Amino acid sequence: MGAAPLINIAVDGFSSCGKSTLAKQLAQRLGYTYIDSGAMYRAVALYVIENGLVHDGRLDREGLLSRLDAIRIQFTHDPGTGRSTTLLNGRNVERRIRGMDVSRHVTLVSPVPEVRAKLVRLQQEMGRGKGVVMDGRDIGTVVFPDAEVKLYMTARPEVRARRRYDELKARGVEVDYASVLENIERRDEDDTKRAADPLIKAPDAVEIDNSDIDREQQFDLAMKVVSGVLAKVGME
Ligand code: DC
């Protein structure tokens with residue numbers, strides 16, 4: 001029997017939908033590489049913050065474009081945590097890019113077509129050898145339009161807000177539910193309405209609404225889809 005065929009898996013969906021949880025589970029089960037494309041947009045947001053390219057909440061777009069070639073984003077494996085680590089120009093920024101200031105600034109850089117073109121090119125290079133599970137907003141539509149498996153995750157905004165609220169509370173962050181819900185609804189709007197590569201379901205994506213199912217049920221559903229495709233690809 002030959003080795004199992006390698007495929008690419010695109011996991012797209014709204015914010016706080018459990019995309020990364022599912023993508024990591026799939027990568028672990030299959031022995032694939034998990035890539036968090038959102039981390040790359042977050043790293044660019046950190047770069048503009050640290051390099052004085054934001055003034056009064058507005059992006060110095062020309063400044064960013066003139067320095068785009070100087071922004072180097074890589075991932076390495078951290079043997080200490082067993083997790084993937086994001087590097088910005090060689091520096092470990094994994095923790096830093098999860099902060100609230102980066103979350104607030106990321107929508108300044110994610111709609112810029114030149115930023116998207118650069119990151120999409122990098123993401124496509126990472127997937128060239130297959131065996132990648134990548135999560136984001138435009139993976140099945142723009143980055144890997146030929147991905148063998150495309151999953152599109154949704155959940156009701158109130159359910160996502162409740163999960164995010166519980167997660168923040170558990171980390172000791174002081175928040176109120178109403179503002180978490182409002183932030184999620186605003187980001188849904190930003191992600192779906194932007195002109196460049198908005199979040200849309202690819203016609204050949206399988207939708208998973210996880211409002212009323214748990215992680216294991218969601219993983220089983222996704223693995224059924226993946227196993228079906230692997231069996232088919234293996235027979236070709
Ligand atoms: O998945 P996340 O919340 O870490 O993503 C951070 C931001 O980057 C979010 O505002 C949407 C944007 N993003 C994007 O535009 N395209 C992607 N492929 C991934 C993320």
Side-chain angles (χ1 to χ4, degrees), residues 8-24 26-27 33-49 54 57 59 64 68 71 73 75 83-86 88 93-127 132-145 147 150-155 157 160-161 163-165 167-168 171 173 180-202 205 210:
N8 280 338
I9 302 177
V11 182
D12 288 303
F14 292 100
S15 301
S16 303
C17 228
K19 294 187 300 292
S20 67
T21 303
L22 177 64
K24 281 180 204 158
L26 290 172
T33 303
Y34 163 65
I35 297 170
D36 171 1
S37 69
M40 301 168 81
Y41 290 91
R42 287 174 179 272
V44 176
L46 179 60
Y47 183 90
V48 300
I49 295 170
V54 183
L59 175 69
L64 170 59
L68 212 48
I71 304 178
I73 298 166
F75 293 107
R83 294 195 183 161
S84 163
T85 297
T86 310
L88 172 61
V93 293
E94 185 56 36
R95 271 181 69 82
R96 186 69 181 83
I97 58 171
R98 308 293 164 190
M100 274 311 284
D101 58 338
V102 170
S103 295
R104 273 195 298 269
H105 285 86
V106 71
T107 45
L108 288 179
V109 301
S110 63
V112 178
E114 292 84 352
V115 170
R116 302 204 70 84
K118 176 186 169 94
L119 298 189
V120 166
R121 207 171 45 242
L122 263 173
Q123 291 152 5
Q124 288 173 334
E125 270 166 32
M126 293 171 175
V132 159
V133 187
M134 191 178 293
D135 74 350
R137 308 294 190 286
D138 59 343
I139 311 306
T141 50
V142 177
V143 179
F144 301 146
K150 297 181 186 179
L151 303 173
Y152 185 79
M153 307 200 29
T154 63
R160 288 185 278 138
R163 288 179 188 154
R164 181 101 185 102
Y165 173 80
E167 195 183 299
L168 289 168
R171 279 201 270 142
V173 180
V180 175
L181 178 61
E182 191 198 308
N183 180 264
I184 280 188
E185 287 175 333
R186 189 177 57 75
R187 288 204 287 161
D188 287 359
E189 176 101 1
D190 284 347
D191 284 343
T192 51
K193 302 270 164 66
R194 70 164 174 247
D197 309 341
L199 170 65
I200 39 170
K201 178 175 173 281
N210 63 22

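Values in this document were obtained by computation on a predicted structure and should not be read as measured data. We count ligands from 1, going down the list as the structure has it; atoms in each ligand are counted the same way.
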Counting non-hydrogen protein atoms only, what is the nearest one to [atom]? Give residue, atom name and distance.
{"atom": "atom 9 (C) of ligand 1", "result": "Arg137 NH2, 3.6 Å"}
{"atom": "atom 5 (O) of ligand 1", "result": "Gly38 CA, 3.6 Å"}
{"atom": "atom 18 (N) of ligand 1", "result": "Asp138 OD1, 2.8 Å"}
{"atom": "atom 12 (C) of ligand 1", "result": "Ser110 CB, 4.1 Å"}
{"atom": "atom 4 (O) of ligand 1", "result": "Arg42 NE, 2.7 Å"}
{"atom": "atom 15 (O) of ligand 1", "result": "Arg116 NH1, 2.9 Å"}
{"atom": "atom 10 (O) of ligand 1", "result": "Val106 CG1, 3.6 Å"}
{"atom": "atom 8 (O) of ligand 1", "result": "Tyr41 CB, 3.6 Å"}

Close-contact set for ligand 1 against [X] heavy atoms, below 4.0 Å:
{"X": "Arg187", "result": "3 (O)"}
{"X": "Ser37", "result": "17 (C), 18 (N), 19 (C)"}
{"X": "Gly136", "result": "18 (N), 19 (C)"}

Query raised in the report: Where do Ile139 and Val142 land on the side chain to side chain contact (heavy atoms under 4.5 Å, CB included) test, with the steps shown first?
Result: CA-CA 6 Å; Ile139 311 306; Val142 177; over 6 Å; no
**Report entry** side chain to side chain contact (heavy atoms under 4.5 Å, CB included) between Leu64 and Val115, worked out
**Finding:** CA-CA 9 Å; Leu64 170 59; Val115 170; 3.8 Å; yes
Requested in this report: Inspect the contact between Glu167 and Arg164 and indicate whether a charged nitrogen and a carboxylate oxygen are less than 4.0 angstrom apart.
Outcome: yes
**Report entry** Residues Arg98, Asp36: salt bridge by 4.0 Å N-O rule
**Finding:** yes
Report task. Using a 4.0 Å heavy-atom threshold (strictly under), name the region of Asp191 that reaches ligand 1: side chain, backbone, both or neither. Result -> side chain
Query - Arg194 contact mode with ligand 1 (heavy-atom cut-off under 4.0 Å) - result: side chain
**Report entry** Exercise: identify the closest heavy-atom pair between Ser110 and Arg194
**Finding:** OG-NH1, 4.0 Å
Query - Heavy-atom pair of closest approach, residues Val132 and Gly127 - result: CG2-CA, 4.1 Å
Query raised in the report: Quick one: does Lys150's side chain have a donor or acceptor within less than 3.5 Å of a partner on Gly140's backbone?
Result: yes
Requested in this report: With the side chain counted from C-beta on, respond yes when Arg121 and Arg116 share a heavy-atom pair under 4.5 Å apart, and no when they do not.
Outcome: no
Query raised in the report: How about Tyr152 and Leu199: do any of their side-chain heavy atoms sit closer than 4.5 Å?
Result: yes
